[in-house]
**Q** 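Take a look at the following structure, please.
Everything quoted here is computed from the prediction, not taken from an experiment.
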Amino acid sequence: MEHRKQDKRMTGWRDFQYCAIFNTGKTDSQLFCDVRDWCFETWGASCELDYWHGRSKPNQSWCWANDEFKMKIYFKTEQEYTMFLLRWV
């Protein structure tokens with residue numbers, strides 16, 4: 001797992017300041033699911049980044065993306081990112 005501040009090169013940078021990136025291997029897949037479950041418990045339900053803008057009331061703290069190459073969890077602000085770091089890093 002990697003984690004970093006988003007910049008203009010990254011998907012979702014306009015809406016989310018930070019992200020955690022997981023490889024699609026078995027170990028990271030389980031960790032991704034565990035972190036995503038924790039995000040649900042901490043900030044409530046969200047959705048995939050592709051659908052985030054289309055929702056009438058999107059979760060303002062986090063969302064995720066999952067494709068054939070990478071799995072990512074996006075954090076809106078430094079506050080959410082710090083909570084993630086304290087729990088998972």
Side-chain angles (χ1 to χ4, degrees):
M1 170 180 61
E2 302 174 43
H3 48 87
R4 65 175 73 132
K5 184 167 177 60
Q6 296 260 93
D7 62 35
K8 290 181 181 183
R9 298 172 296 161
M10 299 172 178
T11 304
W13 70 272
R14 290 182 189 266
D15 300 303
F16 296 93
Q17 293 181 12
Y18 298 90
C19 72
I21 304 166
F22 305 82
N23 292 317
T24 55
K26 186 174 181 177
T27 304
D28 268 7
S29 294
Q30 182 61 52
L31 181 58
F32 170 79
C33 289
D34 292 344
V35 173
R36 189 177 60 178
D37 289 347
W38 174 80
C39 290
F40 268 98
E41 293 170 6
T42 305
W43 298 296
S46 192
C47 63
E48 292 88 348
L49 180 63
D50 291 343
Y51 308 114
W52 192 81
H53 284 286
R55 298 195 49 142
S56 59
K57 293 183 180 180
N59 187 308
Q60 292 298 311
S61 297
W62 76 287
C63 75
W64 74 89
N66 190 357
D67 63 32
E68 61 188 289
F69 304 109
K70 298 281 185 186
M71 298 170 289
K72 297 180 181 179
I73 296 180
Y74 297 94
F75 304 100
K76 188 75 168 174
T77 67
E78 189 172 355
Q79 179 181 357
E80 290 89 2
Y81 183 63
T82 300
M83 289 177 67
F84 159 76
L85 292 176
L86 289 172
R87 172 62 177 89
W88 295 98
V89 179

**Q** Considering residues at least two apart in sequence or located in another chain, which fulfil the salt bridge (Lys or Arg N to Asp or Glu O under 4.0 Å) criterion with D37?
**A** none

**Q** Which residues pass the side-chain contact (heavy atoms from CB on, under 4.5 Å) test with C47, sequence neighbours left out?
**A** Y51, W52, R55

**Q** Between T11 and Y74, which heavy-atom pair has the shortest distance, and what is it?
**A** O-CE2, 3.3 Å

**Q** Nearest 0.5 Å, please: how far is CZ in F84 from SG in C19?
**A** 9.0 Å

**Q** Following the transitive rule for hydrophobic clusters with a side-chain heavy-atom cut-off under 4.5 Å over Ile, Leu, Val, Met, Phe, Trp and Tyr, establish whether V89 and W43 coincide in one cluster.
**A** yes

**Q** Ignoring hydrogens and angles, write down the donor-acceptor pairs under 3.5 Å from the side chains of residues 62-72, residues two or more places apart or on other chains.
**A**
unit_1, atom_1, unit_2, atom_2, d
W62, NE1, G44, O, 3.0
D67, OD1, F69, N, 2.7
D67, OD1, K70, N, 2.8
K70, NZ, N23, OD1, 2.8

**Q** Which pair of non-hydrogen atoms, one from S46 and one from F40, has the smallest distance, and what is that distance?
**A** N-CE2, 3.8 Å

**Q** Using the six-membered ring wherever Trp is involved, compare the ring planes of F75 and Y81 and label them parallel, tilted or perpendicular (cut-offs 30° and 60°).
**A** tilted

**Q** Can you name the residues that form a side-chain hydrogen bond (donor to acceptor under 3.5 Å, both in side chains) with W38, not counting sequence neighbours?
**A** T42

**Q** Among residues at least two apart in sequence or on other chains, which ones pass side-chain contact (heavy atoms from CB on, under 4.5 Å) with Q30?
**A** D34

**Q** Minimum heavy-atom separation for W88 and V35, please, with both atom names.
**A** CD2-CG2, 3.6 Å

**Q** Identify the heavy atoms of N59 and A45 that sit nearest to each other, and give their distance.
**A** ND2-O, 3.0 Å

**Q** Roughly how far, to the nearest 0.5 Å, is the CZ atom of F22 from the CZ atom of F32?
**A** 7.0 Å

**Q** Could I get the full list of side-chain hydrogen bond (donor to acceptor under 3.5 Å, both in side chains) partners for R9, not counting sequence neighbours?
**A** D7

**Q** In the single-linkage hydrophobic clustering (I, L, V, M, F, W, Y; side-chain heavy atoms under 4.5 Å), do M1 and L49 co-cluster?
**A** no

**Q** By side-chain hydrogen bond (donor to acceptor under 3.5 Å, both in side chains), which residues pair with R4, not counting sequence neighbours?
**A** E2

**Q** List for me each residue that meets side-chain contact (heavy atoms from CB on, under 4.5 Å) alongside Q17, sequence neighbours excluded, and say none if there are none.
**A** K5

**Q** Taking atom types as modelled, is there a side-chain donor on T82 or Q79 under 3.5 Å from an acceptor on the other?
**A** no

**Q** Decide yes or no for Y18 and H3: does some side-chain heavy atom of the first lie under 4.5 Å from some side-chain heavy atom of the second?
**A** no

**Q** Mind checking side-chain hydrogen bond (donor to acceptor under 3.5 Å, both in side chains) for Q60 and listing every partner two or more places apart, or none if nothing turns up?
**A** none

**Q** Which atom names give the shortest non-hydrogen contact between Q6 and G12, and what distance separates them?
**A** NE2-C, 3.5 Å

